[in-house]
Number of protein chains: 2
Amino acid sequence: MATIKEVAKKAGVSVATVSRVINNKGYVHEDTRKAVDQAIKDLGYKPNSVARSLYKKTSKTIGFLIPDITNPFFPQLVRAVEDVMYPAGYTTILFNSDENLAHELEYIEKMTSKYIDGFIVVSNTLQWEHLQDVNVPIVALDRHIDQRISSITVDNYDGAKKAIEYMLDRGCKQIAHLEGPENVLTSMERKRAYEDMMNQHGLPILCHQGHYELARGMVSTMQLLSNNPKIDGLFAANDVMAIGALKAATKLGIQVPKQLSIMGFDGVEWGTTVTPELTTMEQPIYEMGKRAAELLLMQIQDSPNKIEHHLLKTSLKVRQSVQ
Amino acid sequence: MATIKEVAKKAGVSVATVSRVINNKGYVHEDTRKAVDQAIKDLGYKPNSVARSLYKKTSKTIGFLIPDITNPFFPQLVRAVEDVMYPAGYTTILFNSDENLAHELEYIEKMTSKYIDGFIVVSNTLQWEHLQDVNVPIVALDRHIDQRISSITVDNYDGAKKAIEYMLDRGCKQIAHLEGPENVLTSMERKRAYEDMMNQHGLPILCHQGHYELARGMVSTMQLLSNNPKIDGLFAANDVMAIGALKAATKLGIQVPKQLSIMGFDGVEWGTTVTPELTTMEQPIYEMGKRAAELLLMQIQDSPNKIEHHLLKTSLKVRQSVQ
DNA sequence: TTGTAAGCGTTATCAG
DNA sequence: CTGATAACGCTTACAA
């Protein structure tokens, strides 16, 4: 690991000059530049980012906080963020929070002491109070946090409403809802839409908790269907649970979609391989990650105070699980 | 952001003393310690990791290089690595290489200039030559690189052999192989086992490329089955392709497992939701990630030169796709 | 038990 | 155009 000092000595100039050539800043004579470049090459010199960070108080690194990479919704998001951050010269550090506030706070603090340049967070526990004195840009992704924090979200209420409208159009008379975690915004919005739609149409409300998980979705569906044989439609708050529901129906010998229509939410690839293929309300997952990264980059590089809120639309993906 | 200097001034001591108390190193009088702690609290002081890194030439950070987080094999691996690294005080930085050597090298160089403490790499392009002067510990995961670099791998040859033995036991007479990328070690080993088994049993060899991908697996299977109607068994080099094959069979109206047995490799959760459920040779994915992280940690903290090679075993997961 | 001061490897200011 | 030199925030000999 050669240092700038060694390069300077070898090239017979001062470190200031070397710094000028590696940063392409300030005047430096063509001949000296050549000499320096040669020395750099000979020594295999690479500038030390840590020293640079210390001086510049920036690390060209951002933190990305998600609940759990193991949930198939997140890999695409992560990929999208990395795809825009890396070419822009930024490294992204991932952190799985398991929705645990204490972990999230600890992580943010730790990253702050590394001169992190910004955060993208998917969280429903983090509040404005926790974030107000983090002095780098933050973008809330998937779940809105506060007006004062930029966000990239999807219109969950609208999406869920349209999903249910479609089920109704296709003839469902008795729709149950497999809901996500109680305290998660996306899940609450989807549930609210379900309830509003049921009320609006004078239909009974039938909810069961599924926590966005495969196994839970399956178990809940079992109970739901055993206790209420009249149900002919099931709106799951995410695809993973919908897939669990499909398994449950199969186990109970209930035909989908003939006897029971199942609608998912998310649009993960997994939904295309189950039988019947999952009809779902698709979110622009990659696009969300991309936008979040771009927005963060803009705030970091240009205008830290330019808060923006983008609300993306979902789109119905008609496949085979709704009659 | 208070600095150590400010804390020192507030507590009426020198920075050295403050450093001593925050690092719990060297003697410091109980009273002064209290005063310092108080000052730290009052100022909300947090030690700056960048400055610390510069001096200590270590960042408490490791790099984790994988092909693509979007492939369902990796999220679990990532999760496992993070689960052991974080509690040990290490941050892990993820990087998707898309199996591109230039990207991998660029990334490694970049990380090196950040005083990264070690790497875990899943790669088939990286060779000893590229890694020999990276002066931090490296663990090769899933794919072996060189005797001089620690590795955590699975016995792919043995696993594939047993998978095929099982198919043969169950009565398959004509087994085709859906192979993974040509240059990937895991894929080559599985193919080699397939070929050896076929030769050993005097059976014809029938391979088709699937690149470990869903769509490719599907298309290849279509061709394979249309051209060779006698095939009654298909050994896919990974679950994702096996799932694609299942889709293809369904499309062609071929019943699985009655007319065609399909065997996967990996044991990802996804395989449990297809119909019929995928019979597969399961890898201890989480365990692999965990071991790699533990091994790396050992090398970083205790013995950088203690190279170890762990070969884990796969286990047959009997479900429904093999007759 | 505590303080001084010399690094760690850069960048940027200010003379020259 | 180029070179000293003072930061950046922390750790650690070495003195006291």
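A note on names: the letters A, B, ... follow the listed sequences, proteins ahead of strands, and every chain is numbered from 1. We use all heavy atoms of the structure for the numbers below, so side chains are in, but hydrogens, waters and symmetry mates are not.
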query: Quick one: A:I4 CD1 to C:dA12 P, roughly how many Å, whole number?
result: 11 Å

message: Taking the side chain as everything from C-beta on, heavy atoms only, tell me whether A:L105 gets closer than 4.5 Å to A:L126.
response: yes

field: d(NZ, A:K9; P, D:dG3) in whole Å
entry: 15 Å

message: Do the side chains of A:K290 and A:E294 get close enough for a salt bridge, i.e. N-O under 4.0 angstrom?
response: yes

Length of the CG-C1' vector between B:N48 and D:dT11, whole Å: 13 Å

query: What's the closest nucleotide to the B:V28 side chain, out of C:dG9, D:dC10, C:dT2?
result: C:dT2

Identify each atom pair where a protein N or O and an N or O of nucleotides 12-16 of chain D are less than 3.5 Å apart, giving names and distance.
| residue | atom | partner | partner atom | Å |
| --- | --- | --- | --- | --- |
| D:dT12 | OP2 | B:K25 | NZ | 3.3 |
| D:dT12 | O4' | B:Y55 | OH | 3.1 |

task: Return the value, rounded to whole Å, for the distance between atom NZ of A:K57 and atom P of D:dC10.
output: 9 Å

task: Would you kindly give the CG-to-P distance between B:L43 and D:dG9, to the nearest whole Å?
output: 14 Å

Options D:dG9, C:dT10, D:dT11, nucleotide nearest the side-chain atoms of B:I22: D:dT11

query: Between B:Y115 and B:T17, which is nearer to the 5' end of DNA chain C once each is assigned its nearest nucleotide?
result: B:T17

message: When you compare the side chain of A:R52 with that of A:P47, does any pair of heavy atoms fall below 4.5 Å?
response: yes

- prompt: Within a strict 4.5 Å, meaning less than it, do heavy atoms of the B:F74 and B:V122 side chains meet?
  reply: yes

message: Quick check: do A:H130 and A:S123 have side-chain heavy atoms less than 4.5 Å from each other?
response: no

field: d(NZ, A:K114; C1', D:dC8) in whole Å
entry: 18 Å

task: Decide yes or no for B:Y90 and B:L296: does some side-chain heavy atom of the first lie under 4.5 Å from some side-chain heavy atom of the second?
output: no

query: How would you label the contact of B:V13 with the nucleic acid (heavy atoms, under 4.0 Å): base, sugar-phosphate, or nothing?
result: sugar-phosphate

query: Between C:dT2 and B:T32, is there an OP1 or OP2 to side-chain N/O distance shorter than 4.0 Å?
result: yes

- request: Could you check how far CD of B:E6 sits from C1' of D:dA7, rounded to whole Å?
  value: 15 Å

field: Carboxylate-amine/guanidinium contact A:D98 B:R79, below 4.0 Å
entry: yes

message: Please classify the nucleic acid contact of A:S49 as base, sugar-phosphate, or nothing, using heavy-atom distances under 4.0 Å.
response: nothing

message: Five pairs per end, C1' atoms only: what is the angle between the end axes of the helix from C:dT1-D:dA16 to C:dG16-D:dC1, to 10 degrees?
response: 50°

- prompt: Is there side-chain contact between B:L65 and B:F95, with at least one heavy-atom pair below 4.5 Å?
  reply: yes

task: Could you tell me whether the phosphate oxygens of C:dG3, OP1 or OP2, come under 4.0 Å of any side-chain nitrogen or oxygen in B:S14?
output: yes

field: 4.5 Å side-chain heavy-atom contact, B:V18 and B:V13
entry: yes

- prompt: Is B:K110 paired with B:E106 through a side-chain N to carboxylate O contact shorter than 4.0 Å?
  reply: no

query: Could you state the OH-P distance from A:Y27 to C:dC14, rounded to the nearest angstrom?
result: 17 Å

